[in-house]
Amino acid sequence: MSTPPFSYNKSQALFERANKVIPNGIAGHFNPSVQKPAGSYPFYCAQAKGSRFQDVDGNEFIDLMCAYGPMILGYGNSVVDDAFSKQVAIADTCTLASPVMVELAEYLVDLVPMADWATFAKNGADATNMAVLVARAATGRIKTIAIDEGYHGASPWMQSIERSGIGPDDHANVIRIPWNDIAAVEQALADNANNVAAFISSPYHHPVYKDNVLPDEGYWTKVHTLLKQHGVVSICDDVRTGFRIDMKGSSEYFGYKPDLVCFCKALANGYPVSALVGADSLKEAASSTFQTGSFWFSAGPMAAALACLKELNRINAPSLVLETGKKLTDGLIDIARDHGHELIVSGMPSMPYLRTEHETGIEFHQALCGECTRRGVFMASHHNLFISTALSDTDVQRIWDIFGDVLTSLSATS
Ligand SMILES: Cc1ncc(COP(=O)(O)O)c(C=O)c1O
């Protein structure tokens, strides 16, 4: 093995301190029950630039998670960071909104064909919550159809019912149906006649721990015909996919026109802002809903979003990340095959989900991703990866080299 495995002594020490004052030490994906095998992943970042970050122990990683999506242009992108700094020097969180909010709304309305208006918040869940509220206000109905294992944020109605603190009441108005199943859409609409406000879904299905699945031919057209017949609002949750497939929104790529689209992660290359954009027919309903948050007028992230969108557009970022992702994963498939393994890659190449054959359980894949991480390629085993425009050919070659080395060492130990 050309690269010795990293040690995480400082990360571990900090995590132990954190555990005393922060529930679970770190929330979310870094809960030790997710990042397996134990000891494979660091916990704290010291610095980040371009396609790479360093942890507090000084280990350097090529980052295939991009902060779980936001860092589409890589860390410390000067175009976006300069726009943010300039705006913050003038005004950031202020009693009044800043003109940049209007500029950003105008830019999004010009960019995204289905959008006639835009409104802003902080997190993806703010946007999906707002979208559902607007749909309810517009229809006077209460229920939302969502896809089994489709993720739309951490609000109680969106979380899995098995999770701690979530009860049946939270899900009383959510109807879950399987992905790519037109008969299930039909059935859900028939069973809840005149009571469904919204159908919310990502443009393709990207659950965790499972192969990601693109829409079947004609799926979105058929869904939309049904939604129109039943007067149901179509919400595209483009929080994860947004600007990684098509600058006009991922629904354009898949050939359908939702009534509302939620953007977040890649919108501002790491600065906290999300957007809900909508069709004119829902503008009045959107105006009637109550929307606010302590930092929702914060102008720095809006300036960052405007600069980010212009930069993504200028370099045609979706095609770059799709191309890099395809090249990277084609190479990984070949390397895995040379080592006697089938690597299955699903979803769009700009956010590919990888899994090695799971017949004997997920442990081999977890070990593979964990060992790659311990040698400098940061990748999760349970979640799709994210490709940034900062990922260079040198990075891709290094990822292939480490991946091959790890497969050799895992074969030798199994
Ligand atoms: C598709 C999708 N929708 C909504 C969200 C929620 O976004 P946030 O975590 O910013 O609230 C996420 C987050 O991962 C997501 O992937």
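These numbers were taken from a predicted model, which means no experiment stands behind them. Whatever order the structure lists them in is the order used to number ligands and atoms, beginning at 1.
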Would you please indicate yes or no on a ring centroid separation below 6.0 angstrom for His383 and Tyr68? yes
For the aromatic rings, using the six-membered ring if either is Trp, is the centroid distance between Phe364 and His341 under 6.0 Å? yes
Does the Ser11 side chain pair with the main chain of Tyr44, one donor and one acceptor, at a distance under 3.5 Å? yes
Tyr41 and Tyr8: aromatic ring centres closer than 6.0 Å? no
Per the ring-ring contact (aromatic ring centres under 6.0 Å, His included) rule, what does the pair list look like for residues 267-311, sequence neighbours excluded? Phe84-Tyr271
Go through it in stages, so that I can follow the logic: the residues are Trp179 and Tyr219, the test is ring pair (Phe, Tyr, Trp, His ring centres under 6.0 Å), and I'd like the CA-CA distance, side-chain angles, deciding distance and then a yes or no. CA-CA 10 Å; Trp179 169 245; Tyr219 175 72; 4.9 Å; yes
Counting only heavy atoms and a distance below 4.0 Å, can you name the residues contacting ligand 1? Asn123, Gly124, Ala125, Tyr151, His152, Gly153, His206, Asp237, Val239, Arg240, Lys265
